[in-house]
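Have a look at the structure below, then the notes.
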Amino acid sequence: MIWLVVALIVFVSYLLGTIPSGLLISKSQGIDIREHGSKNIGATNVWRTMGKKWGMLAFLCDTFKGWLAVIIGVKLAEHFGVTLPLAHGHTEVKHLPSDYAGIAAALGCILGHNFPIWLRFKGGKGVATSLGVIIGMMPLVSLVIFAIWGIVLKLSRYVSLASIIAALSLPITVVVLLMFGPAQGWASVHGWGNFYFAVAAAIMVFKRHTANIKRLLNGTELRFGDPKPAAAAAPAEPPPVTEPPAPPQP
């Protein structure tokens, strides 16, 4: 059954997605990122807590595992086929189309990053990993989405807002390239399955940023580069009450 190939791709991609890059990087420096900042294992919290170098490394690692999941998924689809019987004793080997193999791998990897079984299903928000799988599936779309993310971040300095707008732009970009993009080559997008994936990925990113949306609406979301708010100072103790001096004795 072709669904066994799909299940294998999703399973392998999920396991790859569960690799907690941010947590492993923080542990290598003697820090548990889950105990600092927003307590999220994603690249943004690593950047804010540990600095630019480590945050960039976490971002690249999460992006790479998304790209790698799609590449492995396509290779698995090419390797494992389903033999179908035909008339007169003939058979045909049917393979899962590469587009659908990429979609299955992408969804599995994003779910693994967001809900890793090793961390009690408490993972990141899937932005860097989503970028990675889109690079593997639709390179031109990934460039457009990354550019939108960068522009919004530059103008607003809100990482969450940039991620949300980039996610919402994903289905629109896919539709435009489906209808008006090139038919072949690295810039092409084939099949409406990619649009359905884009909608699902956008919804997942949006849902993972629910708390950020509330803070954006309340004006309490932290801008990128701003210092962390200092802890509220403890109230000063009242001065000790002293007894008035006793009157002199006559």
Side-chain angles (χ1 to χ4, degrees), residues 2 5-6 9-10 12-13 16-17 21 42-43 56 58-81 94-114 124-156 159 161-206 208-209:
I2 201 72
V5 179
V6 175
I9 293 172
V10 172
V12 172
S13 301
L16 184 59
S21 306
M56 183 61 70
F59 181 86
L60 292 176
C61 288
D62 285 342
T63 303
F64 175 75
K65 74 181 180 184
W67 172 84
L68 184 62
V70 172
I71 300 302
I72 292 176
V74 172
K75 294 297 183 182
L76 288 174
E78 293 174 353
H79 182 74
F80 293 100
K94 188 176 182 62
H95 293 272
L96 180 69
S98 60
D99 287 350
Y100 289 99
I103 292 170
L107 291 174
C109 189
I110 294 172
L111 289 173
H113 177 81
N114 290 356
K125 297 181 180 179
V127 176
T129 304
S130 297
L131 176 64
V133 301
I134 297 170
I135 292 173
M137 298 166 59
M138 302 170 283
L140 180 57
V141 173
S142 68
L143 289 178
V144 173
I145 297 304
F146 187 71
I148 292 173
W149 181 87
I151 291 171
V152 177
L153 177 60
K154 180 70 174 179
L155 295 176
S156 69
V159 176
L161 181 63
S163 301
I164 293 166
I165 292 180
L168 296 178
S169 302
L170 175 59
I172 299 173
T173 306
V174 171
V175 166
V176 170
L177 288 177
L178 269 171
M179 300 179 66
F180 306 107
Q184 300 294 332
W186 70 276
S188 61
V189 176
H190 298 288
W192 283 95
N194 288 304
F195 170 73
Y196 301 135
F197 158 77
V199 172
I203 291 174
M204 282 191 285
V205 171
F206 190 83
R208 297 292 286 176
H209 285 81

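None of the values given here were measured: they were computed from a predicted structure. FYI, the numbering just counts along the sequence from 1.
Of all the heavy atoms in Ala128 and Asp62, the pair that sits closest is CB-CB, 3.7 Å. Annotation for Ala58 and Ser21: closest pair O-CB, 4.3 Å, computed over non-hydrogen atoms. Residues Ala187 and Leu177 come closest through the heavy atom pair O-CD1, 4.3 Å. The two atoms that bring Ala104 and Val6 nearest to each other are CB-CG1, 4.2 Å, heavy atoms only. Closest approach of Ala106 and Val133 over heavy atoms only: CB-CB, 3.7 Å.
The only option from Ile71, Thr63, Val70 that meets the side-chain contact (heavy atoms from CB on, under 4.5 Å) definition with Trp67 turns out to be Ile71.
Separating the NZ atom in Lys75 from the OG atom in Ser98 is a distance of 10.5 Å, to the nearest 0.5 Å. How far CD1 of Ile72 is from NZ of Lys65: 12.5 Å, rounded to the nearest 0.5 Å. Taken to the nearest 0.5 Å, the OG1 atom of Thr173 stands 11.5 Å off from the CZ atom of Phe195. To the nearest 0.5 Å, the span separating CG on Asn194 from OG on Ser188 amounts to 9.5 Å.
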Please list, one pair per line, the donor and acceptor atoms closer than 3.5 Å that link side chains of residues 134-150 to other protein atoms, with sequence neighbours excluded.
{"from": "Ser142", "atom 1": "OG", "to": "Pro139", "atom 2": "O", "distance (Å)": "2.4"}
{"from": "Trp149", "atom 1": "NE1", "to": "Ser163", "atom 2": "OG", "distance (Å)": "3.3"}

Review point. What's the verdict on side-chain contact (heavy atoms from CB on, under 4.5 Å) for Phe197 and Ile110, showing C-alpha distance, side-chain angles and the deciding distance?
Key: CA-CA 11 Å; Phe197 158 77; Ile110 294 172; 4.2 Å; yes
Exercise for review: Dump the intermediate steps for side-chain contact (heavy atoms from CB on, under 4.5 Å) on Leu96 and Ile9, then the final yes or no.
Suggested key: CA-CA 11 Å; Leu96 180 69; Ile9 293 172; 3.9 Å; yes
Practice item. Mind running side-chain contact (heavy atoms from CB on, under 4.5 Å) on His95 and Val5 for me, showing each step along the way? Key: CA-CA 9 Å; His95 293 272; Val5 179; over 6 Å; no
Practice item. Run the numbers on Leu107 and Met204 for side-chain contact (heavy atoms from CB on, under 4.5 Å), then give the verdict. Key: CA-CA 10 Å; Leu107 291 174; Met204 282 191 285; 4.0 Å; yes
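With a 4.5 Å cut-off on side-chain heavy atoms, Ser169 and Ile165 count as touching. The side-chain heavy atoms of Val175 and Phe180, taken from C-beta on, include no pair separated by under 4.5 Å. For the pair Leu161 and Val152, the minimum side-chain heavy-atom distance is below 4.5 Å.
In the displayed structure, Phe59 atom CZ is contacted under 6.0 Å by more than 12 heavy atoms of other residues, nucleotides or ligands.
Checked by atom type and distance alone, the side chain of His190 pairs as donor or acceptor with a backbone atom of Ala183 at under 3.5 Å.
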